[in-house]
Amino acid sequence: MNLSDINPSKKLKEAIDMLGLKIQVYANGEMPSSAKSDVFIQISNNGSLRTNSSQFGFLEQTLLLCIYVKLSSTDIKNTAKETMYLSKIETLIGSVLVLDSYTFQFDKLNIFGDAKNISSGYSTKLVNIKTTIKK
């Protein structure tokens, strides 16, 4: 595997797509600035790609998975919908998800947070995913 082939965001997107969720998933900054759906997921890097050994055999990276849910007309969060999608992601990853040479698990030191942005019209659930790549 060449460095140019390493793309944990894309691999996690593939895993979510295989789950069969009927939700748009964006990775690697491909999210459009307009025409977004009521619910979507964005996956981005949350830190740099790093090696945990001197032989460059294993790489690690934390990904930030953001679940966006459109606010109601009165700017109220739809916590039921947020919880439903978060639970589906939790089911997908479980304790550990292995896909090809990638291993995904929740970052137990910094699992998730949430926010509401009235100007964008979305609430978010933020989930840190620890990724290990066997090179």
Side-chain angles (χ1 to χ4, degrees):
M1 178 185 297
N2 297 321
L3 279 177
S4 59
D5 298 328
I6 297 170
N7 194 334
S9 296
K10 182 179 176 188
K11 191 56 74 174
L12 184 56
K13 177 186 184 314
E14 286 176 24
I16 293 169
D17 288 344
M18 287 188 314
L19 182 62
L21 292 178
K22 294 184 177 21
I23 184 172
Q24 182 64 49
V25 181
Y26 302 104
N28 301 323
E30 65 185 16
M31 187 173 73
S33 59
S34 61
K36 296 179 216 128
S37 60
D38 287 352
V39 179
F40 63 92
I41 293 174
Q42 179 185 25
I43 304 168
S44 57
N45 299 335
N46 192 7
S48 61
L49 188 63
R50 59 198 176 282
T51 182
N52 65 359
S53 70
S54 60
Q55 289 151 351
F56 202 61
F58 289 92
L59 301 168
E60 292 181 342
Q61 184 164 45
T62 300
L63 299 176
L64 181 62
L65 183 142
C66 301
I67 302 169
Y68 287 81
V69 177
K70 188 114 176 126
L71 296 174
S72 72
S73 60
T74 57
D75 295 328
I76 303 291
K77 290 174 64 171
N78 187 337
T79 54
K81 199 174 269 191
E82 285 178 352
T83 302
M84 177 186 73
Y85 282 102
L86 183 58
S87 118
K88 289 181 186 235
I89 296 299
E90 188 175 20
T91 299
L92 170 69
I93 294 175
S95 58
V96 175
L97 168 68
V98 178
L99 186 61
D100 298 330
S101 57
Y102 294 81
T103 301
F104 301 99
Q105 59 189 349
F106 291 111
D107 184 345
K108 294 179 178 141
L109 297 176
N110 192 15
I111 296 178
F112 74 92
D114 60 352
K116 176 171 102 170
N117 187 326
I118 295 171
S119 62
S120 74
Y122 287 90
S123 64
T124 54
K125 280 285 188 202
L126 310 166
V127 183
N128 280 306
I129 308 290
K130 181 180 173 191
T131 307
T132 306
I133 305 124
K134 183 178 180 185
K135 189 171 176 318

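Below, each value reflects all heavy atoms present in this structure, side chains not excepted, and no hydrogens, waters or symmetry copies.
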Going through the distances and angles, do F58 and T132 end up as a side-chain contact (heavy atoms from CB on, under 4.5 Å)?
CA-CA 7 Å; F58 289 92; T132 306; 4.1 Å; yes
I need the [X] [atom1] to [Y] [atom2] distance, nearest 0.5 Å.
{"X": "Y68", "Y": "I23", "atom1": "OH", "atom2": "CD1", "answer": "12.0 Å"}
{"X": "I43", "Y": "T131", "atom1": "CD1", "atom2": "OG1", "answer": "9.5 Å"}
{"X": "M31", "Y": "Q24", "atom1": "CE", "atom2": "CD", "answer": "11.0 Å"}
{"X": "T79", "Y": "M84", "atom1": "OG1", "atom2": "CE", "answer": "12.0 Å"}
{"X": "I76", "Y": "N78", "atom1": "CD1", "atom2": "CG", "answer": "10.5 Å"}
{"X": "L65", "Y": "Q42", "atom1": "CG", "atom2": "CD", "answer": "9.5 Å"}

Under the 3.5 angstrom rule, does the side chain of [X] hit a backbone N or O of [Y] as a donor-acceptor pair?
{"X": "S123", "Y": "K70", "answer": "no"}
{"X": "T124", "Y": "L126", "answer": "no"}
{"X": "Q105", "Y": "I129", "answer": "no"}

Got [X] and [Y] here, is their nearest side-chain heavy-atom distance under 4.5 Å?
{"X": "P8", "Y": "I133", "value": "yes"}
{"X": "L64", "Y": "N128", "value": "yes"}
{"X": "L59", "Y": "Y102", "value": "no"}
{"X": "T103", "Y": "L97", "value": "no"}

Consider only side-chain heavy atoms of I, L, V, M, F, W and Y, link residues closer than 4.5 Å, and tell whether [X] and [Y] are in one cluster.
{"X": "L49", "Y": "F104", "result": "yes"}
{"X": "L63", "Y": "L99", "result": "no"}
{"X": "Y85", "Y": "F106", "result": "yes"}
{"X": "L71", "Y": "V39", "result": "no"}
{"X": "V96", "Y": "V127", "result": "no"}

Check the orientation of F40 and Y26. Use parallel for under 30°, tilted for 30 to 60°, and perpendicular for over 60°.
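Plane angle over 60°, so perpendicular.
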Salt-bridge criterion met for K81 and D38 (N-O under 4.0 Å):
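Judged by the 4.0 Å cut-off on N to carboxylate O distance, K81 and D38 do not form a salt bridge.
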Hey, is NZ on K130 packed in by over 12 heavy atoms from elsewhere, all under 6.0 Å?
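Check fails, neighbour count at 12 or below.
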For [X] versus [Y], what's the shortest heavy-atom pair and its separation?
{"X": "K116", "Y": "D75", "answer": "NZ-O, 3.0 Å"}
{"X": "A27", "Y": "S9", "answer": "CB-O, 3.8 Å"}
{"X": "K13", "Y": "V25", "answer": "CE-O, 3.0 Å"}
{"X": "Q61", "Y": "R50", "answer": "CA-NH1, 3.8 Å"}

With sequence neighbours excluded, residues passing side-chain hydrogen bond (donor to acceptor under 3.5 Å, both in side chains) with N117:
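Applying side-chain hydrogen bond (donor to acceptor under 3.5 Å, both in side chains) to N117 gives S119.
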Partners of N7 by side-chain hydrogen bond (donor to acceptor under 3.5 Å, both in side chains), sequence neighbours excluded?
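By the side-chain hydrogen bond (donor to acceptor under 3.5 Å, both in side chains) rule, N7 matches N28.
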